[in-house]
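Before any comments, here is the structure.
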Amino acid sequence: SQELEQSPQSLIVQEGKNLTINCTSSKTLYGLYWYKQKYGEGLIFLMMLQKGGEEKSHEKITAKLDEKKQQSSLHITASQPSHAGIYLCGAAYQTGANNLFFGTGTRLTVIP
Amino acid sequence: DGGITQSPKYLFRKEGQNVTLSCEQNLNHDAMYWYRQDPGQGLRLIYYSQIVNDFQKGDIAEGYSVSREKKESFPLTVTSAQKNPTAFYLCASSRLSSRTAGNTIYFGEGSWLTVV
């Protein structure tokens, strides 16, 4: 489904730099989930956002959901090689939905 | 430890053969899912199940079959009718979502299927 767009598709940053990944939906979100994946491995849950304007942080990663609930950003502060991987956003579009629609992912490379 | 176990990690299949991917969870989750991941296409839902003995087709169910005889298990069979089965397959599970709370979907480590 192209209802969920992620940008950029890939990102290469120097260690210590900040970066932002965006996830934009063509429809209003009920919930927005961020996951991280190492290539060829499972997805690791990072954060879930449900309320417009909501912001959550975990260590050096901060995710925000805009007021209209159609866009989310994932911000990494002072990136480290351990942050490298594929970041995917997943969207729930209705109350009680038990399935997520995923973006195509952003591949992050952090150069030491 | 609680989690989702997929097996095998790597599987090779000859054209025309059916293969079954195993998925077991001990998280006591009601819902289970199968996703397929191809390069540049993100994850696409194949099948999901919210309760034992019941399951629903996802976006790309053709050529696949599932069963849910036990709460803990949700095996996926890739049949010979699936025209392009080479992919990375991810099993997942979650509690059921409600009107007031979303559900977090947790994933297994995935299985690579290659048709030779």
Side-chain angles (χ1 to χ4, degrees), chain A residues 1-10 21 23-26 28-52 54 56 58 63 65 69 72 85-107, chain B residues 3-7 9-10 23 25 27 29-51 54-61 74 87-114:
Chain A
S1 169
Q2 294 301 306
E3 296 170 330
L4 207 60
E5 296 282 346
Q6 274 188 248
S7 63
Q9 288 187 342
S10 65
I21 298 168
C23 179
T24 302
S25 173
S26 58
T28 300
L29 297 158
Y30 171 71
L32 191 287
Y33 300 73
W34 283 101
Y35 290 86
K36 179 185 176 184
Q37 183 184 30
K38 293 287 188 181
Y39 182 75
E41 298 180 9
L43 278 65
I44 299 170
F45 172 72
L46 296 175
M47 280 172 276
M48 180 189 75
L49 304 164
Q50 276 193 288
K51 300 177 182 177
E54 186 175 12
K56 288 186 177 178
H58 177 66
L65 183 62
K69 296 176 65 173
S72 178
I86 302 169
Y87 289 83
L88 295 110
C89 60
Y93 286 112
Q94 59 188 28
T95 304
N98 282 292
N99 176 36
L100 298 181
F101 294 90
F102 284 88
T104 54
T106 295
R107 184 181 296 272
Chain B
I4 302 168
T5 302
Q6 288 188 238
S7 62
K9 178 67 177 180
Y10 301 96
C23 179
Q25 55 98 0
L27 300 169
H29 285 166
D30 290 297
M32 296 188 73
Y33 314 79
W34 275 104
Y35 287 88
R36 168 178 171 146
Q37 188 175 30
D38 296 279
Q41 294 193 43
L43 277 68
R44 292 182 290 168
L45 181 68
I46 304 172
Y47 270 98
Y48 68 100
S49 167
Q50 299 185 44
I51 193 171
D54 187 45
F55 45 83
Q56 287 77 42
K57 292 182 179 180
D59 299 321
I60 55 166
F74 191 41
F88 187 54
Y89 290 87
L90 287 156
C91 178
S93 71
S94 73
R95 298 184 187 279
L96 290 177
S97 180
S98 70
R99 292 185 61 82
T100 56
N103 63 311
T104 297
I105 296 180
Y106 296 93
F107 287 82
E109 288 298 304
S111 294
W112 285 98
L113 173 63
T114 302

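No hydrogens, no waters, no symmetry mates; every other heavy atom, side chains included, goes into these values.
Residues satisfying the salt bridge (charged side-chain N to carboxylate O under 4.0 Å, His left out) test with A:Glu54, not counting sequence neighbours, are A:Lys56. Applying the ring-ring contact (aromatic ring centres under 6.0 Å, His included) test to A:Tyr35 and every residue at least two apart in sequence or in another chain returns A:Phe45, A:Phe102, B:Phe107.
The OG1 atom of B:Thr104 lies 12.0 Å from the CE atom of A:Met47; values are rounded to the nearest 0.5 Å.
Heavy atoms of A:Gln37 lying under 4.5 Å from chain B belong exclusively to its side chain. Of the two parts of A:Leu88, only the side chain, counted from C-beta on, holds a non-hydrogen atom closer than 4.5 Å to a non-hydrogen atom of chain B. With a 4.5 Å cut-off on non-hydrogen atoms, B:Gln37 touches chain A through its side chain but not through its backbone. Contact annotation for B:Leu43: both backbone and side-chain heavy atoms come within less than 4.5 Å of a heavy atom of chain A.
When the shell of 6.0 Å around CD of B:Gln56 is examined, it contains more than 12 heavy atoms from other residues, nucleotides or ligands. Residue-environment remark: NZ (B:Lys57) stays at or below the threshold of 12 foreign heavy atoms within 6.0 Å.
Taking chain B as the reference chain and counting heavy-atom pairs below 4.5 Å, the highest number among A:Gly103, A:Gly40, A:Gly31, A:Gly90 is found for A:Gly40.
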